[in-house]
Amino acid sequence: MTTIYLVRHGQASFGAASYDKLSPNGELQGKILGQYFEKILKEAPYVVAGSMQRHQQTANFALAECFPEVQIVTDSAWNEFNHQQVFAQYDPRFNEPHLLREDVAKEESPRAYLAKIFEGAIGRWTGGDHHHEYDESWPNFKNRVETALQNLCDELAKTKPRYAVVFTSGGVISVAAGKLLELSPNKTFALNWAIANASLTTLRLVGNEPQLLSLNEHHFIKAADPQLLTWI
């Protein structure tokens, strides 16, 4: 029976010109994740990563700590939705990442402020009236993720590795979990906001059908250094 670990990437570079790069914290989170994998995985896993830089970097930092010889299968079907476009369609100021960073810095509760923006932007994207305004609509993103998960499960059912690890993003993990739990879009993206950087969501493969075992495990990061826990 195969166990699948869905990994959210380490902390990226929020507010920078390019979000798609790990911060120093993100690099350390990847290393801690790899050290945890070394303890819990009894053999080398089958590894897949999205094609985004933050996915590849997290995979490389983690695998260097446990299974440096493992080859990474790159599959862009595991990439995140275009969060910058989703934010910008909700409020055009967010076409400029530094404006978002400046607004957040002014807030007494930055996380609450971002949560409000996130809720509004996601509500617009998933609401059904504006699908044509996005490069990838909500239905297309949902279908892409669900297809990627099923294709992976079909492949693993044939090859039967003991473990598989997928390095991806919070939105992707939320959609996968939402599919298995039959959640609404609102409840699906409530999960997204809670998923910590470099956390694990664990699935068990029964035949070629995934079952959710755990969501958003991040105790190993907290045990190493509580200050390293991040969600953005």
Side-chain angles (χ1 to χ4, degrees), residues 5-16 19-20 22-23 25-26 29 33 50 52 54-55 58 78-91 93-94 97 99-128 130 134 136-139 141-142 144-146 149 166-203 212-222 226-232:
Y5 296 96
L6 303 180
V7 178
R8 187 188 176 197
H9 60 81
Q11 184 187 52
S13 299
F14 175 76
Y19 174 80
D20 194 21
L22 293 189
S23 69
N25 274 355
Q29 290 165 347
L33 170 65
M52 291 177 157
R54 58 191 185 270
H55 302 154
T58 305
W78 292 96
N79 286 2
E80 184 65 291
F81 65 93
N82 186 341
H83 73 278
Q84 184 173 337
Q85 185 186 58
V86 170
F87 276 15
Q89 291 287 35
Y90 177 69
D91 187 330
R93 290 178 302 159
F94 301 134
L99 294 180
L100 177 56
R101 181 179 59 197
E102 290 171 2
D103 279 1
V104 170
K106 297 174 186 174
E107 294 296 319
E108 187 172 327
S109 178
R111 184 167 168 79
Y113 175 70
L114 278 173
K116 183 178 180 181
I117 294 172
F118 185 85
E119 182 180 357
I122 291 296
R124 185 184 192 280
W125 184 46
T126 61
H130 305 282
Y134 299 91
E136 183 176 42
S137 68
W138 157 245
F141 174 67
K142 182 174 183 289
R144 168 164 68 81
V145 172
E146 292 178 356
L149 177 60
V166 181
F167 293 88
T168 181
S169 288
V172 174
I173 295 169
S174 298
V175 168
K179 166 71 173 176
L180 300 180
L181 296 174
E182 299 181 352
L183 300 180
S184 67
N186 285 346
K187 290 183 177 179
T188 293
F189 281 98
L191 290 181
N192 189 179
W193 191 243
I195 293 176
N197 292 116
S199 64
L200 299 176
T201 291
T202 309
L203 312 178
L212 185 65
L213 292 183
S214 69
L215 180 70
N216 192 29
E217 296 178 63
H218 52 268
H219 57 280
F220 54 94
I221 299 174
K222 189 174 183 179
Q227 298 301 314
L228 282 175
L229 269 179
T230 59
W231 287 265
I232 299 172

Problem - Test ring pair (Phe, Tyr, Trp, His ring centres under 6.0 Å) applied to W231 - qualifying residues, sequence neighbours left out - result: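 Not a single residue meets the ring pair (Phe, Tyr, Trp, His ring centres under 6.0 Å) criterion with W231.
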
Working to the nearest 0.5 Å, report the span between [atom1] of [X] and [atom2] of [Y].
| X | Y | atom1 | atom2 | answer |
| --- | --- | --- | --- | --- |
| T126 | N186 | OG1 | CG | 6.0 Å |
| Y113 | I117 | OH | CD1 | 3.5 Å |
| L203 | L6 | CG | CG | 4.5 Å |

Problem - Residues that S109 engages under side-chain contact (heavy atoms from CB on, under 4.5 Å), provided they are two or more places apart - result: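 A112.
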
Practice task
Tell me, please, which residues at least two apart from E136 pass side-chain contact (heavy atoms from CB on, under 4.5 Å).
Solution key: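 If we apply the side-chain contact (heavy atoms from CB on, under 4.5 Å) test to E136, skipping adjacent residues, the hits are N140, F141, R144.
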
Handout entry: Summary of side-chain hydrogen bond (donor to acceptor under 3.5 Å, both in side chains) pairs that have at least one residue in residues 188-199, sequence neighbours excluded
Key =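 Listed once each, the pairs are N197-T230, S199-N216.
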
Looking at every heavy atom in both [X] and [Y], which two are closest together, and how far apart are they?
| X | Y | result |
| --- | --- | --- |
| S23 | A12 | CB-O, 3.8 Å |
| L215 | A177 | CD1-CB, 4.1 Å |
| E80 | G170 | OE2-N, 3.6 Å |
| L229 | H218 | CD2-CD2, 3.5 Å |
| F118 | F189 | CE2-O, 3.6 Å |
| A198 | Q29 | CB-CB, 3.8 Å |

Exercise for the section: Decide yes or no on side chain to side chain contact (heavy atoms under 4.5 Å, CB included) for Q11 and L22, but give the supporting numbers first. Expected result: CA-CA 6 Å; Q11 184 187 52; L22 293 189; over 6 Å; no

Handout entry: Side-chain (R8) to main-chain (L200) donor-acceptor, under 3.5 angstrom
Key =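 No, R8 side chain to L200 backbone: no donor-acceptor pair under 3.5 Å.
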
Please examine the side chains of [Y] and [X], heavy atoms only from C-beta on, and report whether any two atoms are closer than 4.5 Å.
| X | Y | value |
| --- | --- | --- |
| L149 | V166 | no |
| F167 | L33 | yes |
| L181 | L212 | yes |
| R54 | S169 | yes |
| F81 | H83 | yes |
| H55 | N79 | yes |

Problem - Contacts of type side chain to side chain donor-acceptor pair (under 3.5 Å), residue T201, not counting sequence neighbours - result: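 Once residues adjacent in sequence are excluded, T201 has no partner under the side chain to side chain donor-acceptor pair (under 3.5 Å) criterion.
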
Problem - Ring centres under 6.0 angstrom apart (W125, Y90) - result: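 Ring centroids of W125 and Y90 are no less than 6.0 Å from each other.
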
Practice task
Verify whether one side chain among T168 and H9 offers a donor that lies under 3.5 Å from an acceptor in the other.
Solution key: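 The answer is no; no qualifying pair exists.
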
Practice task
Name all residues meeting the salt bridge (Lys or Arg N to Asp or Glu O under 4.0 Å) criterion together with K179; count only those two or more places apart in sequence or in a different chain, and write none if there are none.
Solution key: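 Partners of K179 under the salt bridge (Lys or Arg N to Asp or Glu O under 4.0 Å) test: none.
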
Handout entry: Pair Q84-N82, side chain to side chain contact (heavy atoms under 4.5 Å, CB included): steps then yes or no
Key = CA-CA 6 Å; Q84 184 173 337; N82 186 341; 3.8 Å; yes

Handout entry: Check against side chain to side chain contact (heavy atoms under 4.5 Å, CB included), Q89 and R124
Key = CA-CA 8 Å; Q89 291 287 35; R124 185 184 192 280; 3.6 Å; yes

